[in-house]
Amino acid sequence: MPQTSPILTLKDVQYRWSGRAAFDLRIRALNLQPAETVLVLGESGSGKSTLLSLICGTILAQSGQVICAGQDIAALSASQRDKFRADHIGLIFQQFNLLPFASVQDNIALPLQFAKQRRERVGDMTAEAKRLCQDLGLPDEVLTARAGTLSVGQQQRVAAARALIGTPPLIIADEPTSALDAASQSTFLDLLFAQSQAHETTVMMVSHDARLSNQFDRVLHMSDICETARGAL
Ligand code: ADP
Ligand code: MG
């Protein structure tokens, strides 16, 4: 058994989307340890994004507990949750969600605006953005380019740099590699994990694509960690 306490714990969590496409998600127990890389596999519609929203505190469990970095998410107000998320979780979105007209370095520094603790860990933002780009295999000249002018592969690395800056203890990625071919996906994960391992950052990625499995420390299946139900609930 690991000696350290988990970076993330979900216990008896239940969340239900109501309405015509009602969906009920239950997770008895999920624990992520510091520095581990975890892939959660599930088909489209299996509740992966709902699970990530619960972890990020953008939706609140209707029962049970979500504890991130020792903090019970439900004990925070909405604005405290926003600050907590910004400080503790680096997010890589499926569509990257970069600001297309802003420069790459401004995109990378963006989460620091809302995250005091992360900002304090960084010091010189421009120098850190440059270091991350170099380590993620991006040429220096992209730093001042508009994010919208980059290739998909480059945009994905910028999204990774934005998640990594200021070393949050947890990085959450929602199918960020689905737009890339297998070799590029694999290279992307190698680069991301080299950075996350250097700071003992936990990475949790959700995907429908099992081809990435062998690069992760642990692979979980939505059907094993969740019970779901659909329709009139
Ligand atoms: P995945 O990411 O695995 O594709 P999601 O978590 O996005 O799965 O969605 C699972 C189900 O939850 C959907 O099929 C839908 O029924 C419901 N759902 C997801 N998001 C919403 C929402 N914003 N409003 C209402 N229902 C939703
Ligand atoms: Mg999804």
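Hydrogens, waters and symmetry mates play no part in the numbers below; they use all other heavy atoms, side chains included. Source: prediction; values computed, not measured. Order of listing sets the numbers, starting from 1, for every ligand and every atom in it.
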TODO: Among residues two or more places apart or on two chains, list those pairs meeting side chain to side chain donor-acceptor pair (under 3.5 Å) that have a residue in residues 83-99.
DONE: Asp82-Arg85
Task: Nearest heavy atoms of Pro168 and Leu164, plus distance in Å - done: CD-O, 3.6 Å
TODO: Go through the side-chain N and O atoms of Thr187 and Asp190 and say whether any donor and acceptor fall under 3.5 Å apart.
DONE: no
Open item on the list: I need the contact residues for ligand 1: any residue with a non-hydrogen atom closer than 4.0 Å to the ligand, ordered by chain then number.
Closed with: Trp17, Ala21, Phe23, Glu43, Ser44, Gly45, Ser46, Gly47, Lys48, Ser49, Thr50, Arg230
Task: salt bridge (charged side-chain N to carboxylate O under 4.0 Å, His left out): pairs with one or both residues in residues 107-120, sequence neighbours excluded - done: Lys116-Glu120
Task: Distance-only donor-acceptor check, side chains Gln134 and Asp140, under 3.5 Å - done: yes
TODO: Look only at the side chain of Gln14 and the backbone of Gln62, and say whether a donor-acceptor pair between them is shorter than 3.5 Å.
DONE: no
- [ ] May I ask you to list the protein N, O or S atoms found at less than 2.8 Å from the Mg ion (ligand 2)?
- [x] Ser49 OG
Open item on the list: I need the minimum non-hydrogen distance between Val13 and Ala61, along with the two atoms involved.
Closed with: CG1-CB, 3.8 Å
Task: pair Leu41-Val219: side-chain heavy atoms closer than 4.5 Å - done: yes
Open item on the list: Could you check whether any side-chain N or O of Lys48 sits under 3.5 Å from a backbone N or O of Val206, counting only pairs where one atom can act as donor and the other as acceptor?
Closed with: no
